[in-house]
Amino acid sequence: MVHLWVRSESRAHEERVGLTPQGAARLRVAGIKVTVEQSAQRIIPIAEYAAAGCAIAPEFSWPDAPRDAIIFGLKELPDDDTPLPHRHIMFGHAYKGQPAGKVLLDRFRAGGGVLYDLEYLTDADGRRVAAFGYWAGYAGAAVALMCWMAQQRGGIAGPVQAYPGAHHMLADLQQGLVTLGAARPTALIIGALGRVGTGAADLCQAMGVATTKWDMAETASGGPFPQVLTHGIFLNCILARPGTPVFVPASARVAARDLSVIGDIACDPDSDFSPIKVYDRTTTWDAPALRVQDAPVLDVTAIDNLPSMLPAESSADFAGQLLPHLLTLDALDQGTWGRARACFDRAVA
């Protein structure tokens with residue numbers, strides 16, 4: 001019997017989960033055993049999983065799970081050097097040369113386990129089967145707007161928080177904008193036709209931010225892209241890959257520009273292929289803006305778990321996309337899971 005073990009997330013501010021109680025009930029009907037760890041921060045109460053018939057385990061007990069259990073989480077594992085003997089489903093961030101990713105792969109080598117990276121679950125045409133993209137874009141545009149508002153008041157953005165729902169976030173932003181009068185920034189979105197870009201554009205539209213939408217056609221020339229500097233906010237919504245052009249060169253810090261906020265929603269500063277060359281580290285919930293230039297001011301926001309600001313919507317959306325594939329966990333060597341396994345095998349080879 002396939003045994004799926006839903007672990008608790010160890011990262012602060014991570015309230016999301018990739019499986020809802022309703023989804024767990026469907027897995028059980030299909031003959032899959034589901035264990036869910038208790039969690040002090042998960043958006044969905046553990047009682048709802050118990051009511052769906054799931055086994056309940058203590059928080060962070062997954063290292064002692066049966067060896068044949070498939071451990072399912074979202075964000076990174078606790079940062080230590082312990083070998084990993086289980087099969088894991090999560091976002092590993094390990095295949096693009098990231099330093100932490102190399103350590104993670106070493107742990108899998110040492111333990112003999114396998115990573116099925118959620119970013120690399122694709123269909124036969126190479127399209128991702130499940131992503132948090134829309135809500136990453138939505139929340140990322142919101143944080144960039146918060147950074148811009150803080151600049152208008154002569155400061156830098158303070159801590160951000162999770163919201164019970166998107167309408168609470170919109171109300172908070174609107175209240176901040178009202179205090180600034182009629183002033184609004186313009187925004188340029190790269191990757192505007194994708195899930196991330198669509199979310200970013202929807203937030204901008206809701207807030208009355210005039211938006212220029214670029215996608216593959218507008219960036220096919222490979223750059224340079226001086227138009228980026230003529231907008232108040234730049235939102236990068238495409239993943240860093242080989243061949244990705246540079247959208248913001250290091251020289252942008254001191255260039256003549258209207259640009260004052262960069263929202264790197266794709267958030268991959270450690271990658272060799274990062275298209276934004278004015279910063280080198282992610283930002284946090286407690287300090288969402290990194291000031292990379294004082295005059296003229298330029299802030300970068302690059303939070304790598306943005307959908308967690310809207311954990312209810314983002315969890316339900318992602319879990320719904322992923323569930324049909326969790327129902328095929330009895331065929332890990334085939335289809336979507338087989339392709340993800342091949343990515344792992346290439347990375348550790």
Side-chain angles (χ1 to χ4, degrees), residues 2-7 9 14 16-32 34 44 70-76 86-96 101 104 108 113-140 191-200 215-216 237-241 265-268 304-308 310-347:
V2 175
H3 183 185
L4 185 67
W5 186 291
V6 181
R7 63 175 170 85
E9 299 291 335
E14 188 52 83
R16 293 175 297 169
V17 63
L19 181 68
T20 64
Q22 295 79 12
R26 286 190 57 188
L27 293 180
R28 294 189 64 252
V29 169
I32 297 174
V34 181
I44 301 175
I70 302 170
I71 312 301
F72 177 29
L74 295 178
K75 299 302 289 185
E76 64 269 21
H86 291 94
R87 294 166 293 176
H88 285 257
I89 301 171
M90 66 177 185
F91 288 103
H93 303 295
Y95 300 163
K96 299 177 185 175
L104 179 66
F108 276 110
V114 177
L115 169 64
Y116 294 89
D117 195 310
L118 288 163
E119 185 178 337
Y120 293 84
L121 294 186
T122 61
D123 63 18
D125 295 322
R127 295 179 179 272
R128 289 179 62 182
V129 301
F132 283 100
Y134 179 86
W135 296 105
Y138 199 93
L193 298 183
R195 285 180 281 204
V196 180
T198 299
D215 209 88
M216 293 179 66
C237 299
I238 66 168
L239 291 172
R241 290 190 172 97
I265 299 171
C267 194
D268 210 358
D304 64 3
N305 63 336
L306 284 164
S308 294
L310 295 167
E313 288 98 338
S314 63
S315 292
D317 185 14
F318 183 83
Q321 297 173 53
L322 187 62
L323 181 60
H325 305 280
L326 293 177
L327 287 164
T328 67
L329 282 173
D330 60 343
L332 279 174
D333 60 340
Q334 302 174 24
T336 295
W337 300 107
R339 284 185 286 273
R341 172 64 188 264
C343 291
F344 171 77
D345 288 342
R346 286 194 295 270

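If you're wondering where the values come from, they're calculated on a predicted model, not measured in any experiment. Along the sequence shown, residues are numbered consecutively beginning with 1.
Residue pairs satisfying the side-chain hydrogen bond (donor to acceptor under 3.5 Å, both in side chains) criterion with at least one member in residues 114-131, sequence neighbours excluded, are listed as follows: Lys96-Glu119.
Heavy atoms only, all atoms of each residue included: Ser314 and Pro307 are closest at OG-O, 3.0 Å. Nearest heavy-atom pair across Leu306 and Ala139 is O-CB, 3.5 Å. Among all heavy-atom pairs drawn from Leu104 and Gly92, the shortest one is CD2-O, 3.6 Å. Residues Gly191 and Asp215 approach most closely at C-OD1, 3.2 Å, considering heavy atoms.
Using a 4.5 Å heavy-atom threshold, the side chains of Val196 and Tyr134 count as separate. At least one side-chain heavy atom of Leu4 sits under 4.5 Å from a side-chain heavy atom of Leu19. The shortest distance between side-chain heavy atoms of Leu118 and Phe318 falls below 4.5 Å. Looking at Leu115 and Arg341, their side chains never come closer than 4.5 Å, going by heavy atoms from C-beta outward. Residues Val114 and Asp345 fail the side-chain proximity criterion, which asks for heavy atoms closer than 4.5 Å.
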task = Go through Leu323 and Arg26 one step at a time and tell me if the side chain to side chain contact (heavy atoms under 4.5 Å, CB included) criterion holds.
result = CA-CA 9 Å; Leu323 181 60; Arg26 286 190 57 188; 3.6 Å; yes

ask   = After noting the C-alpha distance and the side-chain angles of Phe108 and Phe344, does the key distance pass the ring pair (Phe, Tyr, Trp, His ring centres under 6.0 Å) rule?
value = CA-CA 10 Å; Phe108 276 110; Phe344 171 77; 5.6 Å; yes

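Judged as a ring pair (Phe, Tyr, Trp, His ring centres under 6.0 Å), and not counting sequence neighbours, His93 has no contacts. Every residue two or more places apart in sequence or in another chain that forms a side chain to side chain donor-acceptor pair (under 3.5 Å) with Asp317 is listed here: Trp135, Gln321. In this structure Arg339 satisfies the salt bridge (charged side-chain N to carboxylate O under 4.0 Å, His left out) test with no other residue, sequence neighbours excluded. Residues passing the ring pair (Phe, Tyr, Trp, His ring centres under 6.0 Å) test with Phe72: none are found, sequence neighbours excluded.
In this structure a side-chain-to-backbone donor-acceptor pair under 3.5 Å is missing from Asp304 to Cys267. Thr20 places no side-chain N or O within 3.5 Å of a backbone atom of Ala316 that could act as its donor or acceptor partner. Side-chain atoms of Glu9 come within 3.5 Å of backbone N or O of Lys75 as a donor-acceptor pair. Of the possible donor and acceptor atoms, none in the side chain of Asp268 sits under 3.5 Å from a partner among the backbone N and O of Ala240.
Going from atom CD of Glu14 over to atom OG of Ser308 covers 3.0 Å, rounded to the nearest 0.5 Å. Atom OG of Ser315 and atom CG of Leu74 lie 7.0 Å apart (nearest 0.5 Å). In this structure, the separation between CZ on Arg7 and CD1 on Ile71 is 8.5 Å, given to the nearest 0.5 Å.
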Report, one line per pair, each donor and acceptor closer than 3.5 Å where one atom sits in a side chain of residues 325-333; sequence neighbours left out.
| from | atom 1 | to | atom 2 | distance (Å) |
| --- | --- | --- | --- | --- |
| Thr328 | OG1 | His325 | O | 2.7 |
| Thr328 | OG1 | Trp337 | NE1 | 3.1 |

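Between Phe132 and Phe91, the ring planes are tilted. Angles from 30° to 60° get that label.
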